[in-house]
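Report on one structure; see the data block that follows.
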Amino acid sequence: MRLSHHFGKTLRQVPAEAETPSHQLLLRAGLVQQLAAGIYSYLPLGWRVLRKIEQIIREEMDAAGGEELMLPALHPIEIWDASGRLPLFGETVFTLSDRRQRGLVLGPTHEEIIADLFKRHVQSYRDLPLMPYQIQVKFRDEARPRGGLIRVREFTMKDLYSFDVDEEGLDESCQKMIRAYKNIFDRCGLPTIVVEADSGAIGGKDSWEFVFPCDSGEDEAVICSACDYAANAEKAEFSKPAVPQDPPQPLEEVSTPGIKAIDDLCAFLGIAPWQTLKAVFYAADGQPAFVAIRGDMEVNETKLRNALGAVDLHMMDNIELEQAGLVAGYASPVGLKRVKVVADDAVPCSPNLVGGANKPDAHQRNLNYDRDWTAEIVTDIALAREGDACPRCGSPLTIRRVIEMGHVFKLGTLYSEKLDATFLDRDGVAKPVVMGSYGIGTGRLLAAILEASHDEQGIIWPPQLAPYDTHLVALSVDRPDVVQASERLYEELQQTGISVLYDDREESPGVKFNDADLLGMPLRLTVSPRTLEKESVELKRRSEKESTLVALSEAVARLQELLKQS
RNA sequence: CGGGGUGUAGCUCAGCCAGGUUAGAGCGCGUGGUUUGGGACCACGAGGUCGGCGGUUCAAAUCCGCCCACCCCGACCA
C-alpha cells in the first residue's frame, strides 16, 4: 500500500480524550476513529490487524475441533423472555421494535440463539460433541465505555459453544478450549494468566478468565505472590486470620455515645477490628438483608449477591432503612425479625465480638454466634484485599489491574433446560445437552497488544500481527533514481509475498521516520541518494536501534529470510 | 446511576473571571518557492452554527438557566 493513497493519517498530538497508551496509539496511528461513546470505526491499518487476530483465533478454534458459523445480531425478544435472562442484563441490552411493534434485541451474546439452533438440528447423542463458533459483532449498552477499545458498546467477539452428552464431555471440551486459548494468546505475544472467575449474567458453574495484567485494565485480579492461585477480584478467596477461641463471656451492654464506625468503636473501647461484628444492611431485589461480617473484613458484593440469589443488590440508604425500621450504626442480629440474616463464615468461629445493641449510642460486648443469634445463610462473603493470605499456600495476595481478554464458562444444562435443547441418549431418554461457552473480545485483544508492545516512539507490532511486513521509506522522491529503485523494490517484495507499506509521499525524512516508528512495522527499508551511492538499501528492525546496509540486489532475499525467522 | 471535568478550525489549546470592531495561535491542509537522513523554512491562502436551546443586555464565545455530547473515578459489567 502506498502511504500517499492510504486512508487514515497519523497525529502528532495526542487527542485530549485518550489517556491510556493503547487508546493514544490507536488514535495517533490512525487505527480507529470514535463515532460515539464506545462505538468505533476501524480504519484500514486497524482492520488489517484485527483480521490477523481473527485469523489466529480461527486457526486455533478449527484445530481444537471448532466449526465456524454465523448467527444473527438481531434477535426476537421472545427467545430472551424464554431464557429469562433479560432482567439479568437489565439496561445493558439494546432493545428496539420493528414496524409491527414486535420487540427485538441487538444481541449482547448468543447462548439463546445457538441453543435454539441446536434444538432444530440435533436429536441424537451420536451427533455429539459439537463445537460451533462465530466471530461477529455484539452489542451491550455498557454504563461506562472506557479506555478506547478496552470497553465498548459495539464489539466483535469470538464465541464458541460446546455441546456434550455429559459433564465429562464438557470437561474435555473445556480443556480443549483452555489449551486453544493459551495458544492464541501465545501467538499474539501476550503474557496472560488464567484466573478463577464469577460467571455473572452468563451463569453456570465454573468459569475462568484469561487476563493480561496491565494498569489500563478494566478489571481486577487477585494473584498469589508465591503459588499459582489467581482469581478475579469478585471471586477471590483468602484464608481468614483465626482468632483466639476464648470461652464465651456473658452479654454486656456498653454505652457508646455517637460511635458508629468500626474504627471509632475500636478506639473508644481499646479493641482491634477483628473483635467487632460489622453490620451492613443491603436491599436484595427490594428485600432487606442483614449482613454480618467481622470488623476486620469487607463485604464482597458479588459473593453476597450470589449467596442471596439476587439480581439487584445495593446498600440500603437512610430512607430505605427508616422504612424498614432499622437503625444504622448500632444494628445487632440479636432478636432481629422479618429480616434475612447473612453471616460471613468467619463469624461463627469468632467468639465474644462487639456489635450493635439495636438502639442508638449503645453496643453489646461478647456476642456469640449460636448462643445469641443465628443466620439463615453462613458462607464466605468477604472481599480479598492486598496482603491477605492466599487460600492455597498462605502467602500474601497481590491485587492487579487486568484486561479481561477471554472467558470460558461451564454452563452445564442451564440454557438447554430453559430452552428445551435436548438430545436422545443411548438409553432412549431425552436429556438436556451440556453446554459450555468460550468468548474472546477481539478489539480488546488488539488494545491489550498495544499496551504490551510499544515504546516512546510508537507501536512495535509483533511480526505475526503487523498490518504490513515491512515499511519502505523513499527519501528524496524528487530524485528519479530513488523513485525508480523504490518502485522496483515495492514491486519485487510484493511479488514474493511480502506485504509492504510504501512511503512514497513528498515529506521530509524526519516526518517519514517518525511515522514509520509510530506505525510500527517490524522491518523498515530506506532508499535514499545516500544508500544508492552504494547500490544498497538500509534495513532496520523496529525493535532495534541499529540499521544495516544491504545490497539492492540482495534486499528481497534478505527480507524473506528475516521474515521466515520471525 | 453518584462524584469530578471538558466542549472555541481536522488535532492541541488561548480568549471567558472583568460582555464591546472582522474570534486567535501552533500543528495539520491548499498554492508557489527554497530545502532533503529524525516531526525543515519563506510567502500567500482556505477552513469556525465558539456543543444546542432559551434568557439578561444597546451588545454574549464571555453573564444566567435548561438540555446535549464526550472524558475520568466509582457503581455496574460475558
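Below, read A as the first sequence line, B as the second, and so on, with proteins coming before strands; counting in each chain starts at 1. Keep in mind that the numbers below use all heavy atoms, side chains included, and drop hydrogens, waters and symmetry copies.
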Which nucleotide wins on minimum distance to the side chain of [X], given the candidates [options]?
X      : options             : value
A:R12  : B:G37, B:C72, B:G39 : B:G39
A:R144 : B:C73, B:C11, B:G37 : B:C73
A:F513 : B:C70, B:C77, B:G37 : B:G37
A:E301 : B:C76, B:C29, B:C11 : B:C76
A:V511 : B:C77, B:U12, B:A40 : B:A40
A:P15  : B:C11, B:C70, B:G37 : B:C11

So, under a plain 3.5 Å distance rule, would you say the side chain of [X] forms a donor-acceptor pair with the base of [N]?
X      : N     : answer
A:Q13  : B:G26 : yes
A:R505 : B:G39 : no
A:R151 : B:C77 : yes
A:S528 : B:G37 : yes
A:E538 : B:G37 : yes

Atom [atom1] of [X] and atom [atom2] of [N]: how far apart are they, to the nearest Å?
X      : N     : atom1 : atom2 : result
A:D503 : B:G37 : CG    : P     : 15 Å
A:E17  : B:C70 : CD    : P     : 11 Å
A:E220 : B:C76 : CD    : C1'   : 14 Å
A:L383 : B:A75 : CG    : P     : 10 Å
A:N514 : B:U36 : CG    : C1'   : 15 Å
A:D478 : B:G32 : CG    : P     : 15 Å
A:N306 : B:C76 : CG    : P     : 12 Å
A:H23  : B:C72 : NE2   : P     : 7 Å

Step through the shown structure and confirm whether more than 12 heavy atoms of other residues, nucleotides or ligands are within 6.0 Å of [atom1] on [X].
X      : atom1 : result
A:D215 : CG    : no
A:K119 : NZ    : yes
A:E417 : CD    : yes

What is the ring orientation for [X] with [Y], classed by angle as parallel under 30°, tilted 30 to 60°, or perpendicular over 60°?
X      : Y      : answer
A:F290 : A:F281 : perpendicular
A:Y40  : A:H23  : perpendicular
A:Y502 : A:Y490 : tilted

Regarding [X], tell me which of base, sugar-phosphate or nothing describes its non-hydrogen contacts under 4.0 Å with the strands shown.
X      : answer
A:E91  : nothing
A:V473 : nothing
A:Q34  : sugar-phosphate
A:R479 : nothing
A:K9   : sugar-phosphate
A:D517 : base
A:G147 : sugar-phosphate
A:R28  : base
A:A18  : nothing
A:A143 : base
A:P529 : nothing
A:Y438 : nothing
A:A197 : nothing

| said: Need to verify one output field. Residue with the more 5' nearest nucleotide on RNA chain B, A:R401 or A:L518? | reply: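 Nearest-nucleotide comparison on RNA chain B picks A:L518.
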
Between [N] and [M], how many Å separate the two [atom1] atoms, rounded to a whole number?
N     : M     : atom1 : answer
B:G7  : B:U56 : C1'   : 23 Å
B:A61 : B:C17 : C1'   : 14 Å
B:G65 : B:C72 : P     : 27 Å
B:C66 : B:U21 : P     : 29 Å
B:A60 : B:C42 : P     : 39 Å
B:G28 : B:A9  : C1'   : 11 Å
B:G54 : B:U62 : P     : 14 Å
B:C29 : B:G10 : P     : 14 Å

Check: [Y] and [X] side chains under 4.5 Å, non-hydrogen atoms:
X      : Y      : value
A:V433 : A:D164 : no
A:K303 : A:E234 : no
A:M315 : A:V280 : yes

Applying a 3.5 Å limit to both distances, which nucleotide forms a Watson-Crick or G-U wobble pair with [N]?
N     : result
B:C58 : B:G20
B:A14 : none
B:C53 : B:G65
B:C44 : B:G30
B:U36 : none
B:G2  : B:C73
B:A9  : none

| field | Under 3.5 Å side-chain donor-acceptor pair for A:Y282 and A:E301 | value | yes

| task | Look at A:S508 and B:A40 and indicate whether a side-chain polar atom (N or O) is within less than 4.0 Å of OP1 or OP2. | result | yes

